[in-house]
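Structure record follows, encoded as structure tokens.
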Amino acid sequence: MSAVLKFRSIYSASIESAESQCNFSNAPQPQSKSWKVVEAVPDATADSDGTKEDSFDDQKEPKPSDNIKEYRGDPIKLPESTHSLFFTAAFCSLPSLFAWIIAALSIGCLVLALINALDGGTALNSLNVPENISSSTRAAQYLSIFVVLLMEEEIPTGLAQMRLITWGSLRNVCPHASYKKFLACNVFRVLMGYLFLVNVLLVLIQAEDVLTIFYDVLALQFVQQLDDIGFRLARLDVFGRRMQRACTMRWFDQEFEYQKGCAKHKMALKAIYFINAAVFIAAIVVITMRQMNGYYFCKELTLDVGDGILEEAFVRMNGKKFETWVLVYSYFNGVFIKNGTHAGRPLYKEARKFDRQPYPENQGGTEFPVVIPAEIKYCEEIKAWVLTHENIRKSENDDSSCNWLLRSPETDSFNVLDAAGKWDMWVGVLGTTDVSITCNRCFENSDCNLNGECSDDGICICNNGNGVNYFGEHCEVKLREDCKTIIPEDGIYTMSIEHMSSWTNEPATKESTEANDVWYDIWQEYSRPVFSSVDNNERWSLVYSGSRWFGMNLTGRDVSSKQWLMAVSNYHAFWYRAYDTGTTFVSDKTKESSPVGVDWYQIGERGDQFGPLGALYPVQRYNQTGRGVFRCAGNIKNNNTSVSARNLSNFDRKLTKILKGHVRT
């Protein structure tokens, strides 16, 4: 203050001197006392090296010893919030009850929001994090961190109040206030602030679009500020005179004595802000890295596209000219494995039908071509998920986007599971089909159809024993002990499941463990066991191929050779052209676990005159639809429908010969 007075004295004296020199008639004469003050101010200050500094104090930084009051921020007052009524109003009073109601509303809404955010979480994704998000949404996530930290004021307010308002100063301003309640109120503020931040963090990591972030954050902020809104409304006499008086008491306008600043307190308050920001940023960074690395994508899925048929699929093998094949889409049913990403989304490649492992790059010297797997991926050009294959076209000049064979409705979802439903299917013209896509990941035993146990890594371990074996990624295929051997209704031969260990003395190709030993040893395709009959050096097998069972003549195959094992391991009904070569009988469409109870047909003439599967002649007894051909051998004694051979008609005997492998005449 002394420096300011000195400067004003100097300034006043200088003005008076200038007026006298310019002969201003009305200028007052300089007073000697002003010059005395000037004389009291040293004209220069000598440094240790003898140099002099300017004597005007207004050009120097104020010294700590100067009596100038430094700016200390806004006056210290009680927050105008219903939370303050906890310690300023009597416990059993209307204002106190009103404060409790507002606090309960705020906490209740924030807790409900938290429960809703965590609802539906799984063991592998407990926070319901989306598989991936767009770049604009990710940018909004990071920007919102700083917006939220600027908006949140409960934590700094609570901490500052506890530090700056002492027991004595509170008693001086509000004699009836309880300091313990005052502390508890501010602790409550801090806890509610962190509950708000936790909710906001969940909003950010679960958001799939920009507007969701802004809307949800604003909603949470409104809930957190209910105490301030309620206080202002009470002051306006909205809730009655008693509430108005409680919110307009003099201590809400009183300024508390400023306590000498504590450096540790200031640093702690700043540290809390930086810690909160660091936690938010670290959490979002971890989520971002996981999303970009495909952590939340389904690693393996099962596809079922129905039984649509494309009679003229243009296929090119080894760079040769296009050939036209009959494409039954169910040949591509089965497991697809995540193999990298495409357009920020997972790319899935078809797995082997034998053991759901990736197809190898060679066939080990077998006569069958190398199987190039189909792909499921997202096509940005048409904004849809597609099933595609690099060697299959809709026409020779097909230039459609992503060369799709099936495509989903337009979507921007990063999760292919969201696209299940009606898809477009190319069958020579544009058609539709129901597409089922399920993730091969379990979270509880019910996901394994109660036929197995869900392991900690989300894989179904199917039960085997007690006369039953289960197959499939979700243990959905059931094979009873009495159905491991089947017989035709009219016939004397049997067909049984095959164990690969019977082909060679070498162990099974896939490493097996514990309860799944039996599962790995059974020859299966498309998650169904293969039934075979060997009679008079003739080998016939019933092989499932996606939607139908094929009766195939495999006579002459050396099952002990490595080529045989390689061939059955890489079996694919389309690329092996299984229906065209070696298949004599075909069943109706079915999802059953075995050929039992399914109607069968002998394949007759083929050509343009006939359908894509050729002429089909029913095989079941009396040509009766739904009667089926095979039955479980274990149920023979209990079956009352059996008929002795001598009662069979000539037609029945002829069908029996057909089923034994004789060519239809």
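If you're wondering where the values come from, they're calculated on a predicted model, not measured in any experiment.
Around atom CD of E453, no more than 12 heavy atoms belonging to other residues, nucleotides or ligands sit under 6.0 Å away. Counting heavy atoms of neighbouring residues, nucleotides and ligands inside a 6.0 Å radius, atom CD of E255 exceeds 12 of them. Residue M317 places its CE atom among more than 12 non-hydrogen atoms of other residues, nucleotides or ligands, all under 6.0 Å distant.
Electrostatic pairing of E300 and K338 does not count as a salt bridge here, judged by no charged N lying under 4.0 Å from a carboxylate O. The residues D412 and K383 are annotated as not salt-bridged, no charged nitrogen and carboxylate oxygen being separated by less than 4.0 angstrom. In this structure, R548 pairs ionically with D307, as a charged nitrogen and a carboxylate oxygen lie closer than 4.0 Å. Salt-bridge check for D304 with K591: passed, with a basic side-chain N closer than 4.0 Å to an acidic carboxylate O. The pair K353-E525 fails the salt-bridge criterion, with no side-chain N (NZ, NE, NH1 or NH2) lying under 4.0 Å from an Asp/Glu carboxylate O.
Closest of all the heavy-atom pairs between W404 and L430 is CH2-CD1, 3.5 Å. The shortest heavy-atom contact between V148 and F196 is CG1-CE2, 4.0 Å.
Between H342 and Y378, the gap from one ring centroid to the other reaches at least 6.0 Å. Separation of the F314 and W325 ring centroids does not fall under the 6.0 Å cut-off. Taking the six-membered ring where the residue is Trp, the centroids of Y331 and W575 are separated by 6.0 Å or more.
The aromatic rings of F98 and F239 lie tilted to each other, with the angle between the two planes from 30° to 60°. Between H83 and F188, the two ring planes are perpendicular [angle over 60°; tilted spans 30° to 60°]. By the 30° and 60° cut-offs, the orientation of the rings of Y576 relative to Y571 is perpendicular. Aromatic ring pairs are classed by plane angle as parallel below 30°, tilted from 30° to 60° and perpendicular above 60°; the pair Y359 and H572 is tilted.
For the side-chain contact (heavy atoms from CB on, under 4.5 Å) with N276, the qualifying choice from I145, L201, L149 is L149, the only one to do so. Across C475, C460, C442, a single residue satisfies disulfide bond (SG atoms under 2.5 Å apart) together with C448, and that is C460. Checked against T82 for a side-chain contact (heavy atoms from CB on, under 4.5 Å), the options L226, D227, D228 give a single hit: D227.
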**Request:** Go through the steps to decide whether F182 and F87 satisfy the test ring-ring contact (aromatic ring centres under 6.0 Å, His included), and finish with yes or no.
**Result:** CA-CA 6 Å; F182 168 77; F87 58 89; 5.2 Å; yes
